[in-house]
Amino acid sequence: MNFLLQKEGLVNFISLLDLRLKLETLRLREREMAHTGSNSSMHRSSSRPQLDLSKAEIQGNFEEKYPTILLPNQSHDISHLALDIGGSLIKLVYFSRHQDQSTYDKRVKNVKNRLGFPPNGNRRSYPILGGRLHFVKFETSKINECLDFISSKQLHSAGGGESRYSDARTDSNAIIKATGGGAHKFADLFKERLGLSLDKEDEMSCLVAGANFLLKAIRHEAFTHMEGQKEFVQIDTNDLFPYLLVNIGSGVSMIKVDGDGKYERVSGTNVGGGTYWGLGRLLTKCESFDELLELSQKGDNSNTDMLVGDIYGGMDYSKIGLSASTIASSFGKATSEKKGLEDYRPEDISLSLLRMISYNIAQIAYLNALRFGLKRIFFGGFFIRGHAYTMDAISFAIHFWSNGAAQAMFLRHEGFLGALGAFMSYEKHGLDDLMVHQLVERFPMGAPYTGGKIHGPPLRDLNEKISWMEKFLQKVTEITAPVPMAPPGTTGLGGFEVPLSKGSTLRSDASALNVGVLHLVPTLEVFPLLADLKMYEPNTIDLSDHSELEYWFKILSEHLPDLVDKAVASEGGTDDAKRRGDAFARAFSAHLARLMEEPAAYGKLGLARLLEMREECLREFHFFDAYISIKQRENEASLAVLPDLLMELDSMDEETRLLTLIEGVLAANIFDWGSRACVDLYHKGTIIEIYRMSRNKMQRPWRVDDFDAFKQRMLGTGDKKPPPHRRALLFVDNAGADIVLGMLPLARELLRRGTEVVLVANSLPALNDVTAMELPDIVAEAAKHCDILRRAAESGGLLVDAMTNTLDSPRENSSSVPLMVVENGCGSPCIDLRQVSSELAAAAKDADLIILEGMGRALHTNLNARFQCDALKLAMVKNQRLAEKLIKGNIYDCICKYEPAN
C-alpha cells in the first residue's frame, strides 16, 4: 500500500524546488547507507524501518504550497516493539500500522478546501502514528512462547507487524527497547534466537512514563474497586499531577510523580508480592502465584487472624472505632491455639497473608500521600494483576486509614506500564501528542487473548481465528467465561464478596479487566460545538442498572440470527460466508456473556459502545456491509417517488411545507433494521406503502413537540423574518426512505433559504445506516429531479461532472450555497461526539444549526446533549421499553426536541 508523507513530515520546505532537492538528497543518502551496510556505527531498530524512497514522486497539484510525497514502495506496516521482562511475566507492547488504501477523492478534497483545512494541520517534525497498539503477556518461565510469537508476527523484521511478508528480513543490528530484570538475564537468548539486541531502559522511568500516558490518553483508564464493585474515574489531565504511584512487585516502590519525566522514589517496603508468594509457597505448598491467589478466594481469615471480636468477646471496640471483624493481629490465633501448620486450611492461610501484606502496603502508601499532600494514589504491579480480593483489601485499608478521605485507584493496563514506558522511550515514538479523543479501544477475538490467559498460538489470518474458535467451542470451553459472584458474605474484615468456582477450577484471571487493542486515530477530534465537554455524556441509557443490561443483551441476542442471515447473504451465501457468519455469532455471543457477568470487563459500558462492538465484530469476520443489497433496493424505490414528493411540497405555503417536512423526517425514520418492531413491518407492505402509512399517522402533538419553537426560529412571526442559519449540520440515519424522502427534502428547504447544508453520515456501514461514501450517488440521483439540489450539489462538489470546475473556483463565484457531505468518523448506529472526524470538526466551526436524526444519534445517545448553537433532535421511537423509560410514551411516538443556542 502506498504511503503519503506530508511535506511537514520532512522539513519546512520554502519552495517546490527545495522539495525536489531534498527528495534527491534523501535518495542519495539511502544509496549511501545501502553501500555502507553493517559498517555503519549507528544501530537502527528494525521495529522502526527506514523510509523506502525508491520511485518517490510528488503527488497532486504541483502548485500547492505543501505538496504530498508519494512513497510507492514503502511498507504498509511500520511497527514498534517493546518488552518488560519480569521475574514471572513478560509484557509485550507492539504497534502495527495498517491503514486502508488511500484514495484521491475529489469530493473530500473539495470539502476540505471549502472548510479551510490546512495542508497538514499537525505542525511537527514527524507524523503522529495511525494504527494499533497491542498488549500481550507471557509467563517468563515459557519465554520460548514469547520468542515464537515475535517471530511468527515478524515483529523483529523490517516490514513486520500484523501482516506477514515472505521477503521480510531481520536486521543484524536490530535493537528493541526492553525493561525489567529479564532484559539483562535473557539478552543473549534474544540475540541467539531472533538476532535482536535489547536496549535496556530504566525500570522506574518506564513505569512513570507508561502511567502518565495512560492517565492522560485513555478516558476510563483509572477505576476504584470496593467490595467487588468497579467504578471508573475520569481524570482531569490538567489536575493530574502530583500523584503517588505504588508499584507492587516482589518489593514495593512508592514514587511521587510531579509531571512528565519528573518523579522521585520517596518510599517503599521489602514486604511485597515476593513476600506473599514466598511465605505462601512455604506454608501452602502451592506451585504458582496464581494458585495461591485462587486459594485466597475460598479462604476465611477469621480462622487464622485474631480479630477485635476475639479479644472483646465478640463485641466491637466502639470507643476507638474498631468493629468486631477488624483484624487485631494477623495470624494471631496461631499463638493461642495448640495446632500445627497441617491443622490450618491452606485457603485461610493464603487469605490471611494476602490481607496482611495488602493492608500494610496500603497504610504506608497513605502515610506517604499524607506526608506530601497528594490527592491521588494509584496502585499497580505484578502483585495486583486485576485480582478482586487484592484490590478490595488495598481499597479498604486506604479508606480505613484515611477515614474515607482518600481512595485507592487502579489502572486497567497496570500490568503493562513498564512495557508501554519502554515503547515510549523510542525516539519519535509518535505517541506524545496523542489526545484522549484519538484513541479507540477495541476487543477482537483471538489467541493469545490479550486480557486473560494465553489459549493458543498467534493467529496469522481469519481462517486460523475461526478454526481456533471452532476448536474451543467443540470442547465446550467458554472463550471468555467469567466466574459468577456469590451473594455478599462476611469473611473477616471488609465483608468482601466471595467468588464461587465454576466446576472444580477457578480461572486465575477471572476478576481481571480485559485489555483490548488501542487504535490510534490521529484524525479524530472533539466536536467543537458541545456546550460543556466535561459534562457531556453521550449515553442516555444507564447500563449500570442490571435489569437494563439484561434487557439490551436480550434484544441483541434475539436480533443476532437475522443479522447473521443478512451478513451471509451480503457475501453471496457461500460456504465461506456461512462459516464466517457462524463464527461471528459465536464471537459476539461470547462478548455478551463476558459483559453480562462482568459489565466493566472492557471499561465503562454504554449502549453506544455495545452497539459499536457488534459492528466491529462483524468487520472482524470480514462482513463489511451486511445490508448493502437492502440499502440499494430501498434507495432505488425511494428515489422513484421523490419527484412527486418534491412537487407536492412546492405547492404548499411556507408554514405548511415546514411542518410537512418535519413530519416526513419522522415518518421516514420508521425504516430501521435495528428495530425488531420495524423488521416485522417489512413483511406487511412495500417501503412506499409503509412510508405512506407512517405519514398518515403523524398527529400532533407529538410526545416531545417543540415544533412551534423551531418554526418561529425558521419563519419568525408576522413581518419579523429571522435571518437564515449560516450552516446546518444534518446528522443522517438510515438509507432508503429515511434519507431520500425525509432528510434530503429538509436539506433542500434549508438550501432554498440560503443555508449551507452539510450532510453528516457514517464513515463505515452499520446496519442499514447510509454512509458518507454512498451519499454522493444518492444526491446525484436526487439532483436529476431538482434544480435546487443540483446547483447546491455542484457548488459542494458532489456531482462528478461539475467537480473539475468547483475545485478551482472560489466560493464567491458560486451561484448557490453548497450542499456538502462529510463523514462522522465512526461506524456505529450511535455517535459519541467526543470522537468525530476532522472533517466534521472543521465543518462545525461555522455551523449554527445541528439536526440530529434517528434513535441512535438523537435518542440512544445525545438526547440530553447541549450545544453552543441551535439544535433539533428528531426521532421515531421504535422500542416500547425505551419509549416508556425516556419519554413516558409508547412505541412509534415521535420526538421533535428543539433547543436554542446556549
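Values below: every heavy atom of this structure, side chains too, minus hydrogens, waters and symmetry copies. In this chain, numbering begins with 1 at the start of the sequence shown.
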State whether the side chain of [X] and the backbone N or O of [Y] hold a donor-acceptor pair below 3.5 Å, judged by distance alone.
X    : Y    : value
T540 : H860 : yes
N635 : G736 : yes
E774 : T771 : yes
D870 : I850 : no
E537 : N862 : no
S838 : L524 : no
N539 : I541 : no

So, N864 versus Y536: side-chain donor-acceptor pair below 3.5 Å or not?
->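 Not at all, the side chains of N864 and Y536 share no donor-acceptor pair under 3.5 Å.
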Taking side-chain hydrogen bond (donor to acceptor under 3.5 Å, both in side chains) as the test, write out the residues that go with S763, two or more places apart.
->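 Expected list: E823.
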Pairing residues for E884 by the side-chain hydrogen bond (donor to acceptor under 3.5 Å, both in side chains) criterion, not counting sequence neighbours =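 Applying side-chain hydrogen bond (donor to acceptor under 3.5 Å, both in side chains) to E884 gives Q880.
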Which of these passes side-chain contact (heavy atoms from CB on, under 4.5 Å) with R857: I851, D769, V732?
->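 Option passing the side-chain contact (heavy atoms from CB on, under 4.5 Å) with R857: D769.
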Locate the shortest heavy-atom distance separating [X] from [Y]; write the atom from each residue and the value.
X    : Y    : value
P829 : L767 : CG-CD1, 4.1 Å
F621 : F584 : CD1-CA, 3.8 Å
C896 : I662 : SG-CG2, 4.2 Å
C617 : H591 : SG-CD2, 4.3 Å
Q868 : A901 : O-CB, 3.3 Å

Chi angles and distances behind the side chain to side chain contact (heavy atoms under 4.5 Å, CB included) call for L240, Y243 = CA-CA 7 Å; L240 172 60; Y243 66 83; 3.9 Å; yes
Just do the salt bridge (Lys or Arg N to Asp or Glu O under 4.0 Å) check on D848 and R726 with the steps written out, would you?
-> CA-CA 6 Å; D848 52 356; R726 294 187 307 275; 3.7 Å; yes
Looking at [X] and [Y], does any basic side-chain N land under 4.0 Å from a carboxylate oxygen?
X    : Y    : value
D625 : K631 : yes
K873 : E899 : yes
R594 : E598 : no
E221 : K604 : no

Derivation of the side chain to side chain contact (heavy atoms under 4.5 Å, CB included) call for N734 and N669 = CA-CA 7 Å; N734 305 304; N669 192 235; 3.8 Å; yes
Steps toward side chain to side chain donor-acceptor pair (under 3.5 Å) verdict (D545, Y551) = CA-CA 10 Å; D545 179 341; Y551 172 78; over 6 Å; no
With a 6.0 Å cut-off on ring centres, are H134 and F95 close enough?
->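 Judged by ring-centre distance (under 6.0 Å), H134 and F95 do not meet the cut-off.
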Answer yes or no: does atom CD of E548 have more than 12 heavy-atom neighbours from other residues, nucleotides or ligands under 6.0 Å?
->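 Atom CD in E548 is crowded, with more than 12 foreign heavy atoms closer than 6.0 Å.
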